[in-house]
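Because the structure is predicted, anything quoted here is derived from the model rather than measured.
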Protein chains: 2
Amino acid sequence: MENPSEETPTPWEGLPSWLLGQTANHAHRLVGDGFSSVGARGYHYRLLATLEESGPASQAALGRRSGIHLSDMVATINELADRGLVERAPDPSDRRRNIISLTSAGKRQLRRLEKRLAECQDELLAPLSPEERQRLTELLSRLLDHHNQRAGTSEEPWR
Amino acid sequence: MENPSEETPTPWEGLPSWLLGQTANHAHRLVGDGFSSVGARGYHYRLLATLEESGPASQAALGRRSGIHLSDMVATINELADRGLVERAPDPSDRRRNIISLTSAGKRQLRRLEKRLAECQDELLAPLSPEERQRLTELLSRLLDHHNQRAGTSEEPWR
DNA sequence: ACGAATCGTTGGACGCACTAATGATCGTGC
DNA sequence: GCACGATCATTAGTGCGTCCAACGATTCGT
């Protein structure tokens, strides 16, 4: 939002959905800036992290594990491969697949991103005490679980 | 995110910034769906609400009050004007300006949107008790205030 | 009267999420 | 053994929200 100068409060300003969205915006900007300061963005971190924790895998598998849409994997991997952080190699046992793996440069970049990320969490939660941070995290987790569940169950009726 | 099916938890899943973003996503979808069920989107509500509370005004003024970028006001007003919810008239006293005003159809639409919005808040916070809702709102407000303040102060050095 | 500021508008960008369509390739049921 | 359906990678395009750069037209300050 460009102009935070508000004399008269707007009707939507107190709504939880608005509060959530705005706070998430700040968080997003914080994290995004942190990432872009080392030439990366969210998808890069998510892919690198997934790659480290589950080892080399096909794009589709990585997409499932990281929650990145298959369509967006292509560009993300292109970008990372261009920077030499990741390698794309054909799978000899299944010619449809590419096997993506983390290079050592990729690992170093991941370390950098993790560091930035931790710093951002702290900046984000700066005005909150440790107990408050804990409570906020717990409340958000509950909300998220609830809504993720709803999303999962209504799609299950396949088969 | 397309695929919430995760066996192994990912490293970023517990981070406040992630929780915030995901929850905000659900909220955004909820509200967006609510709005689109009456043929509107977020900017429409914000503009209509601003219009009601501050009366007819120029696009620039409305942009400042609603936090909608001047560039985006054009399309928003076009869409609302096409639906007859808003009227664009030249300002006789300043030919640069258009004066935007709310029609009665616009007011009715605003009522609908407010109703949907309230329903969405409830759906969003469904798993939380009234006290928890209160606490969440308070924590988020604190965070938001903190970060909005930071944004405001560093730009002040005009004049 | 002149330059600075404001107003509306256009056209573009970005990040994230998602849909649809295509051509390869694989696997299974029959 | 092979046809059909599923899976994989890729391209292209949508949507929302946010923002930037540039433009002509107009008005304001001095």
[X] [atom1] to [N] [atom2], straight-line distance once rounded to whole Å:
X       : N      : atom1 : atom2 : result
A:His28 : C:dA17 : NE2   : P     : 7 Å
B:Tyr45 : D:dC16 : OH    : P     : 18 Å
B:Gln22 : C:dC16 : CD    : C1'   : 10 Å
A:Leu62 : D:dT10 : CG    : P     : 12 Å
A:Leu70 : C:dA21 : CG    : P     : 16 Å
A:Leu30 : C:dG15 : CG    : P     : 17 Å
A:Asn98 : C:dG23 : CG    : C1'   : 15 Å
A:Leu47 : C:dA17 : CG    : C1'   : 16 Å

Margin query: B:Thr137: which residues meet the side chain to side chain donor-acceptor pair (under 3.5 Å) condition with it, sequence neighbours left out?
Written below: none

Notebook entry, point to check: Is B:Glu138 salt-bridged to B:Arg133, going by a charged N under 4.0 Å from an acidic O?
Noted result: no

Checklist line | Salt-bridge present (A:Arg97, A:Asp94; N to O < 4.0 Å) | finding: yes

Next item on the list: Go through A:Glu52 and A:Arg111 one step at a time and tell me if the salt bridge (charged side-chain N to carboxylate O under 4.0 Å, His left out) criterion holds.
Entry: CA-CA 11 Å; A:Glu52 175 166 74; A:Arg111 293 288 92 79; 2.6 Å; yes

[X] and [Y]: side chain donor to acceptor below 3.5 Å:
X        : Y       : result
A:Glu53  : B:Thr10 : no
A:Ser36  : A:Arg41 : no
A:His147 : B:Asn25 : no
A:Gln109 : A:Arg83 : no

Phosphate oxygens OP1/OP2 of [N]: is one of them under 4.0 Å from a side-chain N or O of [X]?
X       : N      : result
B:Arg41 : D:dT18 : no
B:Gln59 : C:dT6  : no
B:Asn25 : C:dC16 : no

Next item on the list: Spell out protein contact along nucleotides 25-30 of chain D as letters: B when the base is contacted, S when just the sugar-phosphate is, - when no protein heavy atom is under 4.0 Å; keep the 5' to 3' order.
Entry: BBS---

Notebook entry, point to check: Does some side-chain heavy atom of A:Leu102 sit less than 4.5 Å from a side-chain heavy atom of A:Leu48?
Noted result: yes

Notebook entry, point to check: Considering heavy-atom distances to DNA chain C, does A:Tyr43 or B:Ala60 have its closest nucleotide positioned more toward the 5' end?
Noted result: B:Ala60

Margin query: Here's a test of your reading of the structure: between A:Gly42 and B:Arg97, which maps to the more 5' nucleotide of DNA chain C?
Written below: B:Arg97

Check: In residues 71-81 of chain A, what residues come within less than 4.0 Å of DNA chain C, judged by heavy atoms?
Finding: A:Ser71, A:Asp72

